[in-house]
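Following: one structure in structure tokens, then a few remarks.
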Amino acid sequence: MEEMLFYDRMQFAFTITFHYLFPQLTMGLSLIIIYFKWKFLRTQNEQYNQATHFWMKIFALNFAMGVVTGIPMEFQFGTNWAKFSELTGGIIGQTLAMEGMFSFFLESSFLGLFLFGEKLIGHKWHFVTGLLIFIGSWASGFLIIATHSWMQYPVGYEILANGKFVLNNFAALFTNPWLWPSYFHNQAASMVTSSFVVAGIGAFYILSKKNVAFGKLFVKTGVIFGLASSLIVAVPTGDLLAKNVVKYQPVTFAAMEGIFHSEKEGSEIVLIGQPDVKDKKLDNKIAVPNILSFLTYGNWHEEIKGLDQFKEENHPTNISGLYYAYHIMVGLGTVFIGLMGFAVFQLIRKKLFETKWILWSLLFMLPFPYIANTTGWYTAELGRQPWLVYNLLRTAEGASPTVSSGNTLFTLLGFIGLYLLLGMLFLLLVGKIINKGPQTENK
């Protein structure tokens, strides 16, 4: 059973990790695209319209890859996680069906018109179709995170005699206290990714002395959006989400922060340290006393419960992985704020485009928001373990008893090979779009 569960989790983790590389860009990029189109409508500067066309091609390619890689996950609900679907389908089926029927259809229906219909419908309606795509993509994220939030903090349900969960309060799904901080945190994080991609490609154009005018536009837009979104990820959304974890999943918070033993006079915040789960301590740690208590409760001496205050059977099953995922996410988020802050400062001084170290940093940092987003999701998912539905349904109880570990491993290897080819094809196509450049659009 343990082997089967391991491969079930590995397969879903791999497929969803690869899949989310694409929606995290499209959700943020949709806002930047309609910003460029709006600027064109206001100024009639053709450069903004060409920028719109350039980025909507990358958006469409990301959207297509997101669809292709998202489909296998739907099937896994009926294969690897059939018991979970059977027991909770009456609840999670509501939000997932709404995501498919409303949000995805809205987004996909207007994408073709946005890509090819500008001359037919005119610039104003072209902007409207882009706005509808933006609404569809952000509504899709909302409904998926509503599903995820119910798994983290279940509300509005009752459990029947046969063990199935049914919904008795539909509105509770959307007033879940876990939902709104998670949603805005996630959307701001997707804006960080898109901002770094836009700024990074702009930096590439400036440094290579190719499409320099567009490079300057992209860098300027990327760093402004990037600083705003990086700050929002930290405060208020990240702060509110962390306080939710403290309130509703205190054992998860203790593992995230590496608190093995409660500290009566206030908890330190660990900057660097390696968890030794066996001996229940942090090795080689560098910490600042009492800061964590102040950030969490506004009180320098407030006690934060350690892992020793909870039954070991309810501890997260991978404490080390959770600890490192959380600290990588927070560390990278801090770097993002610092880099984007320096960039905006130089932009205000009108020296950004001549500051080579910032341009090189923007280019070099392009993959790191993807890492931060991935570790952020790992933090949420590893933190919920050993539960599928927190405190109600354990992960082992949701796996399908009829799919063998051998079958799961075989298909996992197949997914790895297929996704490797898809990834290489995607990078090749994106590279061709970038190499062609925006100024060649519409010629």
Side-chain angles (χ1 to χ4, degrees), residues 20-33 35-36 47-48 50-62 65 188-233 328-329 331-347 351-376 423-424 426-439 441:
Y20 194 63
L21 295 175
F22 305 103
Q24 68 175 281
L25 180 62
T26 55
M27 287 188 294
L29 194 56
S30 63
L31 180 59
I32 294 178
I33 288 172
Y35 164 76
F36 282 139
Q47 185 186 34
Y48 288 113
Q50 291 172 340
T52 301
H53 282 252
F54 173 77
W55 286 108
M56 74 185 189
K57 285 193 171 184
I58 293 179
F59 176 95
L61 188 56
N62 267 268
M65 287 291 292
S190 74
M191 283 302 308
V192 172
T193 297
S194 59
S195 299
F196 268 90
V197 169
V198 171
I201 292 175
F204 168 74
Y205 283 146
I206 295 172
L207 292 168
S208 63
K209 296 180 172 57
K210 177 182 179 182
N211 302 310
V212 174
F214 284 99
K216 291 180 178 180
L217 173 62
F218 295 163
V219 168
K220 177 182 177 181
T221 304
V223 300
I224 292 173
F225 275 92
L227 178 60
S229 55
S230 296
L231 290 170
I232 292 170
V233 165
I328 289 171
M329 174 191 69
L332 286 176
T334 305
V335 172
F336 297 158
I337 293 172
L339 177 57
M340 287 301 188
F342 275 119
V344 170
F345 177 69
Q346 289 295 84
L347 179 65
K351 294 183 178 181
L352 174 60
F353 307 128
E354 291 76 38
T355 309
K356 293 293 181 68
W357 74 266
I358 292 182
L359 296 177
W360 278 109
S361 297
L362 291 171
L363 182 57
F364 174 76
M365 290 295 292
L366 197 151
F368 286 89
Y370 289 96
I371 297 172
N373 270 273
T374 300
T375 52
M424 292 171 62
F426 171 78
L427 292 175
L428 176 65
L429 293 174
V430 169
K432 290 185 69 174
I433 294 172
I434 294 170
N435 185 60
K436 187 178 181 183
Q439 81 271 31
E441 301 293 324

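Atom CD1 of I433 is separated from atom CZ of F54 by 7.0 Å, given to the nearest 0.5 angstrom. Remark: N62 CG to S30 OG distance equals 11.5 Å, nearest 0.5 Å. To the nearest 0.5 angstrom, Y20 atom OH is 3.5 Å from M27 atom CE. Rounding to the nearest 0.5 Å places CG of L29 at 8.5 Å from CE of M191. The line from CG of L429 to CD1 of I58 is 11.0 Å long, rounded to the nearest 0.5 Å.
Looking only at side-chain heavy atoms (C-beta outward), W55 and I32 stay at 4.5 Å or farther from each other.
Among residues two or more places apart in sequence or in another chain, the side chain to side chain contact (heavy atoms under 4.5 Å, CB included) test is passed with L332 by I328, F336, F368, I371, A372. For Y370, there are no ring pair (Phe, Tyr, Trp, His ring centres under 6.0 Å) partners, not counting sequence neighbours.
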For residues 197-206, please give each side-chain donor-acceptor pair under 3.5 Å, one per line with the distance, not counting sequence neighbours.
residue	atom	partner	partner atom	Å
Y205	OH	I434	O	2.6

Taking distance alone, no hydrogens or angles, what donor-acceptor pairs closer than 3.5 Å link side-chain atoms of residues 352-366 to residues at least two apart or in another chain?
residue	atom	partner	partner atom	Å
T355	OG1	Q346	NE2	2.9
T355	OG1	K351	O	2.6
S361	OG	W357	O	2.6

Distance-only criterion, 3.5 Å: show the donor-acceptor pairs between side-chain atoms of residues 212-233 and protein atoms not counting sequence neighbours.
residue	atom	partner	partner atom	Å
T221	OG1	L217	O	2.8
S229	OG	F225	O	2.8
S229	OG	G226	O	3.2
S230	OG	G226	O	2.7

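Sorted by first then second residue, the side-chain hydrogen bond (donor to acceptor under 3.5 Å, both in side chains) pairs that include residues 192-204, not counting sequence neighbours, are Q24-T193, T193-N373.
Here the two rings, on F22 and F426, have centers that are under 6.0 Å apart.
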